[in-house]
Number of protein chains: 2
Amino acid sequence: MARTLLDRSDAVRALADVFRRRGFEAASLSVIQQDTGMGRGSLYHFFPEGKVDMARAVLAEVQAWFEEQVFTPLRTAEDASVAVAEMTGTVRDYFLSRRRVCLFAVAALGGELPAHADAVRTYFSEWVDRLARTLRRGGVANRDAAALAVDAVAAIQGALVLARALDDDAVVVDVVARVEERLLAALS
Amino acid sequence: MARTLLDRSDAVRALADVFRRRGFEAASLSVIQQDTGMGRGSLYHFFPEGKVDMARAVLAEVQAWFEEQVFTPLRTAEDASVAVAEMTGTVRDYFLSRRRVCLFAVAALGGELPAHADAVRTYFSEWVDRLARTLRRGGVANRDAAALAVDAVAAIQGALVLARALDDDAVVVDVVARVEERLLAALS
DNA sequence: GTCTATAAAGCGATAGAC
DNA sequence: GTCTATCGCTTTATAGAC
């Protein structure tokens, strides 16, 4: 890990990688120190409230990324089919390059913690909502749009679980391809 | 929690509930002690290797349950459509009555640990495999059967993630209903 | 088989020098 | 802004009485 000076957003990126590899609970400060190359002093300088703060910052960064790269394009693209194809391609590449881990899913399945419950709910409900709206804009009936959107997000999240369980990227590639196919079929 | 004497399989059931509520890492021995009503002495009597042993036992019990209630019925039912409908109904009721948590998914997303990696892989690959075979028996083409089976298991697992994130049982009910619909359509 | 006490290690967080 | 030393607490695991 780079010894060169890190600013806060470098730190967040490094932390995201640690959390993806070890999970939130199992990533102890010692591990975080080693894997990010930052000392305790620096960590508590950037994240005064400690680990909870680090997790919050990482989730916020992921949320912002999806906002910009996925949710906004879904809203602004003029053609619904183009928007859908963009979404599937973007999220597939994102998760394949991020160890096939969705940190919001990890947070959702991880323990009793309503620590990040709001952030988790926001992420998923916004994703489903934006997709459903896009489908409606493309002429899909209200009811069908909602069902298709939930199914699509669920399929992608399930693919991530399976891909990790079977240690196989192809599950993500294949499932996402069929999700896209189904969504485009509904739009035609 | 019952104070009455527990045998090992009672202990495993109680442990499964704790792990579903808190996750594997966050369930400390103190918490386990409180939530199961068993003392440290009893716990280490039944599970000499400690927490790893407890987790292993719980996963083995879940695996056995699925073996008996899901995988075997998938194999033995004479009509593929009946087998599929049985599976979807059984797993829906199972997860709804188990806090919408699949412990194998929790293990799959939880940290670096290849601790239970083999058990996780076995569970998911067997589920997908059995379902695919059933579909083929029902006349579905080889390729389609494999894809449909992966999609079905992924959809169910994704539904569990979403249901927890949104705190809404209906996601499981609805997604599983549509999974069944799609599988039955392929069989007709 | 179950209990309590305790050991040994690791945890998150803080303080103070630089 | 980064470092190291250390506090106080919790963790898993064990020992030994009953």
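Every chain is numbered from 1 and lettered A, B, ... according to where its sequence line falls, protein lines coming before strand lines.
As a whole-Å value, the separation of A/Phe47 CZ from D/dT2 P is 11 Å. Rounded to whole angstrom, the span from the CD atom of A/Glu25 across to the P atom of C/dC11 amounts to 13 Å. Summarising the geometry, the separation between CG on B/Leu43 and P on D/dA15 is reported as 17 Å, rounded to the nearest angstrom. Rounding to whole angstrom units, OH of residue B/Tyr44 and C1' of C/dA5 are separated by 15 Å. Across the protein-nucleic acid pair, A/Arg8 atom CZ and D/dG1 atom P stand 13 Å apart, rounded to whole Å. Atom CE in B/Met38 sits roughly 16 Å away from atom C1' in C/dT4 (whole-Å rounding). We find that CG of A/Leu29 is positioned 16 Å from P of D/dT2, with the value rounded to whole Å. B/Phe24 has its CZ atom 14 Å from the P atom of D/dT12, to the nearest Å.
Phosphate contact (OP1/OP2 of D/dC3, side-chain N/O of A/Ser42, threshold under 4.0 Å): present. Taking 4.0 angstrom as the limit, A/Ser30 places a side-chain polar atom (N or O) nearer than this to OP1 or OP2 of C/dC11. Put simply, A/Ser28 has no side-chain N or O that comes within less than 4.0 Å of OP1 or OP2 on C/dG10. Between D/dT2 and A/His45, no contact under 4.0 Å exists linking OP1 or OP2 to a side-chain N or O.
Side-chain contact between A/Val91 and A/Val70 is present, with at least one heavy-atom pair separated by less than 4.5 Å.
With the nearest nucleotide of DNA chain C identified for both A/Gly41 and B/Arg40, B/Arg40 has the one nearer the 5' end.
Atom-to-atom distance recorded for B/Ser9:OG and B/Arg13:CZ is 4.5 Å, nearest 0.5 angstrom.
Of the candidates C/dG12, D/dT2, D/dA13, D/dT2 carries the atom nearest the A/Phe46 side chain, counting heavy atoms from C-beta on.
Using cut-offs of 30° and 60° on the angle between ring planes, the pair A/Phe66 and A/Tyr94 is perpendicular.
Judged by distance alone, the side chain of B/Arg164 and the main-chain N or O of A/Ala108 form a donor-acceptor pair under 3.5 Å. The closest donor-acceptor contact from the side chain of B/Thr72 to the backbone of B/Glu67 lies under 3.5 Å.
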